[in-house]
Amino acid sequence: MGKSVKPLLSDFEKIVREAEPLAPHTWFHLGGPAEFFAEPQTVEELAALVRRCHDDGVPIRILGGGSNLLVRDDGVNGVVVRLSAAPFNEISVQGKLVTAGGGARLGHVISTVVREGLAGLEPLVGIPGTIGGALHGNAGSRGGDVGQWTCRATVMARNAEIIQREREDLVFSYRQSSLDELVILGCQFQLDEEDPQELTKRMQKMWIVKKASQPLGHQSAGCIFKNPRGISAGMLVDQAGLKGTRVGGAEVSDRHANFIVTDADATSGDVLRLIELVRSRVAERLGVELETEIEIW
Ligand code: EPU
């Protein structure tokens, strides 16, 4: 990458930093640095950076809330972008239509719509991360997913072109979406009207159930594996007798076996080795191949 490094830094000096540790940006608090880390302040600045990376063949990735991500100990080459600036975080409500920026927190969007008496997203209460991350992986729970309420998305392709995707071009399935362009700039949800007090009560109940069954607040990410054919991966890992299994500072959670919790001295390598150990034991003991849900950089 040598030749493009210096100009990239000097041309985007205001928004790009070098050798930024990524661990503090992830829920696991693990992993190495990003070669370059950028926080563009406007869509135009983002587009200029994306175009430049495209032209120079520099790898570029978008960091969401870091809650579904494990960064390897070596870190990542190229540019990591965080959509932290105000223009990427706006949330607005017009009747039953809600517009949200890709960098907005899903949790903020949920609390805003519930307060406004708009129903649909409340079963997602407690899911961390940004709108962009939620749409990219069609975040959801047993009560529904983000895709079913999405009527439009605005994305930026790898060549910096901005494209509107309407409902008919959007395909969402279990933890998957057709939104595979580089950046999800924002989206629109169409929700249902409901009494805000009833809605708040329902959301609070869901939140209590979730908090009781998952190790939220530990040094962990969300579920590690996808549920194979609708069967709880956590239940399978549990049935294989793997709760409490450790590699270094990483351990299969006792509360929910599809979570890995880590000690302060854990490395990303510990988590990766534990994932492989769990996968091979579940395959050997139950004959099921588990696939990871978290992103690994
Ligand atoms: N179970 C066990 N042992 C465990 C974990 C679960 O026996 O260690 C049993 C439970 O007792 C229950 C069943 O498995 O009877 C299902 O458990 P749960 O309701 O927790 O659902 P899940 O299928 O394990 C999925 C999502 C979660 C989401 C919950 C609740 C996936 C991979 N997981 O878990 O999503 O919060 O439903 O809606 O789809 C995530 O995607 O990151 C995530 C946490």
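Each ligand, and each atom within it, is numbered from 1 in the order the structure gives.
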Report task. Answer with side chain, backbone, both or neither: which part of N227 has a heavy atom less than 4.0 angstrom from an atom of ligand 1? Result -> both
Query - Close-contact set for ligand 1 against K243 heavy atoms, below 4.0 Å - result: 8 (O)
Query raised in the report: Counting each atom of ligand 1 from 1 as listed, which ones have a heavy atom of A257 under 4.0 Å away?
Result: 4 (C), 8 (O)
Query raised in the report: For ligand 1, is there an N or O atom under 3.5 Å from any N or O atom of G140?
Result: no
Requested in this report: Any atoms of ligand 1 less than 4.0 Å from a non-hydrogen atom of N258? List them with their elements.
Outcome: 32 (C)
Query raised in the report: Which of the numbered atoms in ligand 1 are below 4.0 angstrom from a heavy atom of S141?
Result: 38 (O)
Report task. Kindly state if atom 44 (C) of ligand 1 has a protein heavy atom within a strict 4.0 Å cut-off, that is, under 4.0 Å? Result -> yes
Report summary line: atom 20 (O) of ligand 1 has as its nearest protein heavy atom H256 NE2, 2.9 Å
Query raised in the report: Is it the case that Q176 and H136 place a side-chain donor and acceptor less than 3.5 Å from each other?
Result: no
Query raised in the report: Which heavy atom of S268 sits nearest a heavy atom of R72, and at what distance?
Result: OG-CA, 3.6 Å
Report summary line: of all protein heavy atoms, closest to atom 38 (O) of ligand 1 is R142 N, 2.9 Å
Query raised in the report: Which of the atoms in ligand 1, numbered in the order shown and given with their element, are less than 4.0 Å from a heavy-atom of Y174?
Result: 31 (C), 32 (C), 39 (O)
Requested in this report: Enumerate the atoms of ligand 1 whose separation from the nearest heavy atom of G222 is less than 4.0 angstrom.
Outcome: 42 (O)
Requested in this report: Could you tell me whether Q197 atom CD has more than 12 heavy atoms of other residues or ligands within 6.0 Å of it?
Outcome: no
Report task. Please confirm whether R255 comes within less than 3.5 Å of ligand 1 when only nitrogen or oxygen atoms on both sides are compared. Result -> no
Query - For F225, the ligand 1 atoms whose distance to one of its heavy atoms is below 4.0 Å - result: 32 (C)
Query - Nearest-neighbour protein heavy atom for atom 41 (O) of ligand 1, which is reported as residue plus atom name and distance - result: E293 OE2, 2.6 Å
Query - Ligand-residue contact atoms, ligand 1 with F259, heavy atoms, under 4.0 Å - result: 44 (C)
**Report entry** Heavy atoms from other residues, nucleotides or ligands near CD of E13 exceed 12 (cutoff 6.0 Å)
**Finding:** no
